[in-house]
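Data first, discussion second: the structure below is written as structure tokens.
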Amino acid sequence: MATSDNKMADTDQKIFIGKGEQPAWLTLGLANRHGLVTGATGTGKTVSLQVMAEGFARAGVPVFAADIKGDLSGISEVGEAKDFIVKRASEMELSFQPDQFSTVFWDVFGEQGHPVRATVSEMGPLLLSRMMDLNDVQEGVMNIAFRVADEQGLLLLDMKDLRAILSFIAEHAAELTTQYGNVSKQTVGTIQRQLLVLENQGGSSFFGEPALALKDFMRTDSDGRGMINILVADKLMQSPRLYATFLLWMLSELFEELPEAGDPPKPKLVFFFDEAHLLFDDAPKALMDKVQQVVRLIRSKGVGVYFVTQNPIDVPDKVLAQLGNRVQHALRAFTPRDQKAVAAAAETFRANPKLDTAQVITQLGKGEALVSFLEGNGTPAMVERVMIRPPTARIGPITPEERKAIMNNSPLKGKYDTTIDSESAYEVLQKRVAGTAASADGSAGGGGGGIFGQIGAIVGTIFGTNVSRGRMSTGQVIARSVTRSVTNKVVGGLAADLGKSMGGSIGGSVGRALVRGALGGLLRR
């Protein structure tokens, strides 16, 4: 954008954000210390977000941002040299040069961008329970469902897999209760109803394969600039819990997958979380602990997280304390609550003796902000009142035709656009039911092998595996040992022989657990 004679041009070490009495620079080496962009509706938060995203992209840092209203999509198109933009740039000693940035659009519903998917297993029971608004008892049953699926080699990929495993634990509630604690069909039924609500909100579009590879967010274009990844979130915002949980899942996945990086010269990825208050509203303590852990530790992975919301009080204090780079647009103080919010916002800044921060917050014009970024030693600079620089790409949304052209030329075109339905828990459990029915029919006709055949059918049905993955489950090992042992034993010694056989195959503890569980009733006779 800027030429070499621009005194306020971006450099390899910092990004020029705006200018007041002093220029406001965001240091790249401290950008992974996270940040906060706040202000009332219509005060310029989206423009500030775009300015920061452009600066990171020029520096070769990939960006991910949620676009709530569609305004950020203009970053993909060449900006216009309008009079007010050129004037503001010249006042900041910038020579305005229109620019555009390589952009990839994403959409959970697959309508205005590449589909974004995760598997049920990747989401995990904690976040899934949060998404479905489950209570503690229901969350406990959800944890049991995941545990049973893991132990039996059942892949949980999409919504029908989750429904299948919940139905399975309802059918075997008596056996599972003795091993994991109380499992009631009523609780499972409540979870199934909540699952239906999630499906109606579009959750079925989100869960499945191909699952998102987060490395696809961390790309640069042919010029070495960071790719701008935009999550189209206008429809997603109609399901705010799904939106917030999805973004938290992304942060958690980044935290788990990326190696330690310490404090790199610039971030590996910068993540902008718009409408951030949705992450914290009514969040249970377990989830809040996870948020705080991820925010605290993910900076060492080279990821910067920037929360965008209306007021700093929307963010819990323990999280707020970790957000070193601040941009505060205007707040209004019409009610006592508003006045309290303004005072709280002012207290989050390092004081400047030249400014009455609380008073200035209510006087800021559109495009103005109070800014405090981390300085070289990692401490916040004194708050300054600045005018935010103009973006160089288009301000405002793009047309459907422009979006379609960008998607057609996307480097990821075709990778995520077609859903894959792999064999997983649903298909495996369906086969088990069919196999059990066939075995029962065979026994009725005299060809089922009597008690030994029934035992083999029970073990195989309850403890089978996903054979397409080429793995032998614990149950299959047990069944093989049982078959070899019992064919030469008399019924009177069956219980002892089974216990020895199972103990020899997989260890005494698993053998005893099996005796207490699925086969307990049979062996006590």
Side-chain angles (χ1 to χ4, degrees), residues 1-3 5-11 14-28 31 35-58 71-72 74-75 79-99 272 306 308-312 324-333 342 345-346 348-375 380-396:
M1 167 212 145
T3 57
D5 60 350
N6 285 338
K7 297 180 181 180
M8 297 297 124
D10 295 339
T11 72
K14 52 189 179 179
I15 302 170
F16 176 58
I17 301 297
K19 186 179 181 183
E21 289 190 7
Q22 301 291 331
W25 298 94
L26 175 57
T27 303
L28 286 169
L36 181 68
V37 181
T38 52
T41 301
T43 56
K45 295 194 300 294
T46 301
V47 170
S48 293
L49 192 159
Q50 182 169 336
V51 166
M52 296 171 77
E54 290 182 2
F56 283 121
R58 287 191 197 94
D71 293 342
L72 191 59
I75 201 170
E80 301 176 59
K82 296 181 178 180
D83 292 343
F84 76 93
I85 292 178
V86 174
K87 180 181 178 182
R88 183 182 295 187
S90 63
E91 290 172 350
M92 298 180 181
E93 302 178 66
L94 289 171
S95 175
F96 182 79
Q97 296 179 356
D99 205 348
F272 288 97
Y306 288 72
V308 184
T309 189
Q310 293 199 13
N311 199 293
N325 300 297
R326 307 280 183 86
V327 177
Q328 174 68 63
H329 288 276
L331 292 174
R332 309 306 176 204
V342 168
T348 63
F349 287 103
R350 178 183 168 188
N352 184 338
K354 297 180 181 180
L355 292 176
D356 183 342
T357 307
Q359 183 178 8
V360 171
I361 287 176
T362 64
Q363 299 172 346
L364 293 169
K366 187 173 183 178
E368 282 190 300
L370 289 173
V371 172
S372 173
F373 296 132
L374 295 176
E375 296 179 320
M382 285 192 299
V383 61
E384 294 283 350
R385 181 174 182 170
V386 305
M387 181 66 72
I388 301 297
R389 69 180 285 180
T392 57
R394 182 189 299 176
I395 300 174

Under the salt bridge (charged side-chain N to carboxylate O under 4.0 Å, His left out) rule, collect the residues that match up with [X], sequence neighbours excluded.
X: Glu384; value: none
X: Glu375; value: Arg350
X: Arg88; value: none

Residues that [X] engages under side chain to side chain contact (heavy atoms under 4.5 Å, CB included), provided they are two or more places apart:
X: Lys82; answer: Glu80, Phe84, Ile85
X: Asn311; answer: Ile313, Asp314, Leu331, Ala341
X: Ala57; answer: Phe101, Ile228

Side chain to side chain contact (heavy atoms under 4.5 Å, CB included), paired with Ile15, selected from Phe373, Phe56, Trp25: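 Of the listed options, the one satisfying the test is Phe56.
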When rounded to the nearest 0.5 angstrom, what distance separates OG1 in Thr348 from CZ in Arg326?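 One finds 4.5 Å between OG1 of Thr348 and CZ of Arg326.
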If I compare all heavy atoms of [X] with all of [Y], which pair ends up nearest, and what's the gap?
X: Gly20; Y: Val386; value: N-CG1, 3.7 Å
X: Ala89; Y: Phe96; value: CB-CB, 4.0 Å
X: Ser372; Y: Ala381; value: OG-O, 2.6 Å

Check: Leu36 and Pro312 side chains under 4.5 Å, non-hydrogen atoms: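 With C-beta onward as the side chain, the pair touches.
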With side chains defined as the heavy atoms from C-beta onward, is the minimum distance between Leu355 and Phe349 less than 4.5 Å?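 A side-chain contact under 4.5 Å is absent here.
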Using only atom types and a distance under 3.5 Å, with no angle test, would you say the side chain of Asn325 pairs donor to acceptor with the backbone of Leu374?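 Yes.
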When you measure from the side chain of Asn352 to the backbone of Val383, do you find a donor-acceptor pair of N or O atoms at a distance under 3.5 Å?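 Yes; at least one donor-acceptor contact below 3.5 Å.
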Please tabulate, one pair per line, all N/O donor-acceptor pairs under 3.5 Å involving side-chain atoms of residues 356-367, not counting sequence neighbours.
| from | atom 1 | to | atom 2 | distance (Å) |
| --- | --- | --- | --- | --- |
| Asp356 | OD1 | Gln359 | N | 3.4 |
| Thr362 | OG1 | Gln359 | O | 2.8 |

Check the pair Glu54, Thr392 against side-chain contact (heavy atoms from CB on, under 4.5 Å), reporting the backbone distance first and the verdict last. CA-CA 8 Å; Glu54 290 182 2; Thr392 57; 3.0 Å; yes
Does the pair Glu91 and Met387 meet the rule for a side-chain contact (heavy atoms from CB on, under 4.5 Å), with working shown? CA-CA 10 Å; Glu91 290 172 350; Met387 181 66 72; over 6 Å; no
Could you pull out all residues at least two apart from [X] that satisfy side-chain hydrogen bond (donor to acceptor under 3.5 Å, both in side chains)?
X: Ser48; value: His329
X: Thr27; value: none
X: Lys14; value: none

With a 3.5 Å cut-off and sequence neighbours excluded, list the donor-acceptor pairs that the side chains of residues 37-45 form with protein atoms.
| from | atom 1 | to | atom 2 | distance (Å) |
| --- | --- | --- | --- | --- |
| Thr38 | OG1 | Gln328 | OE1 | 2.6 |
| Thr38 | OG1 | Gln328 | NE2 | 3.3 |
| Thr41 | OG1 | Gln310 | NE2 | 3.2 |
| Thr43 | OG1 | Ala40 | O | 2.6 |
| Lys45 | NZ | Gly39 | O | 2.8 |
| Lys45 | NZ | Ala40 | O | 3.4 |

In chain order, what residues pass the ring-ring contact (aromatic ring centres under 6.0 Å, His included) check against Tyr306, with sequence neighbours excluded?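 Counting only residues at least two positions away or on another chain, Tyr306 forms a ring-ring contact (aromatic ring centres under 6.0 Å, His included) with Phe272.
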Please determine whether side-chain contact (heavy atoms from CB on, under 4.5 Å) holds for the pair Arg385 and Glu368, giving the CA-CA distance in whole Å, both sets of side-chain angles, and the decisive distance to 0.1 Å. CA-CA 7 Å; Arg385 181 174 182 170; Glu368 282 190 300; 3.2 Å; yes
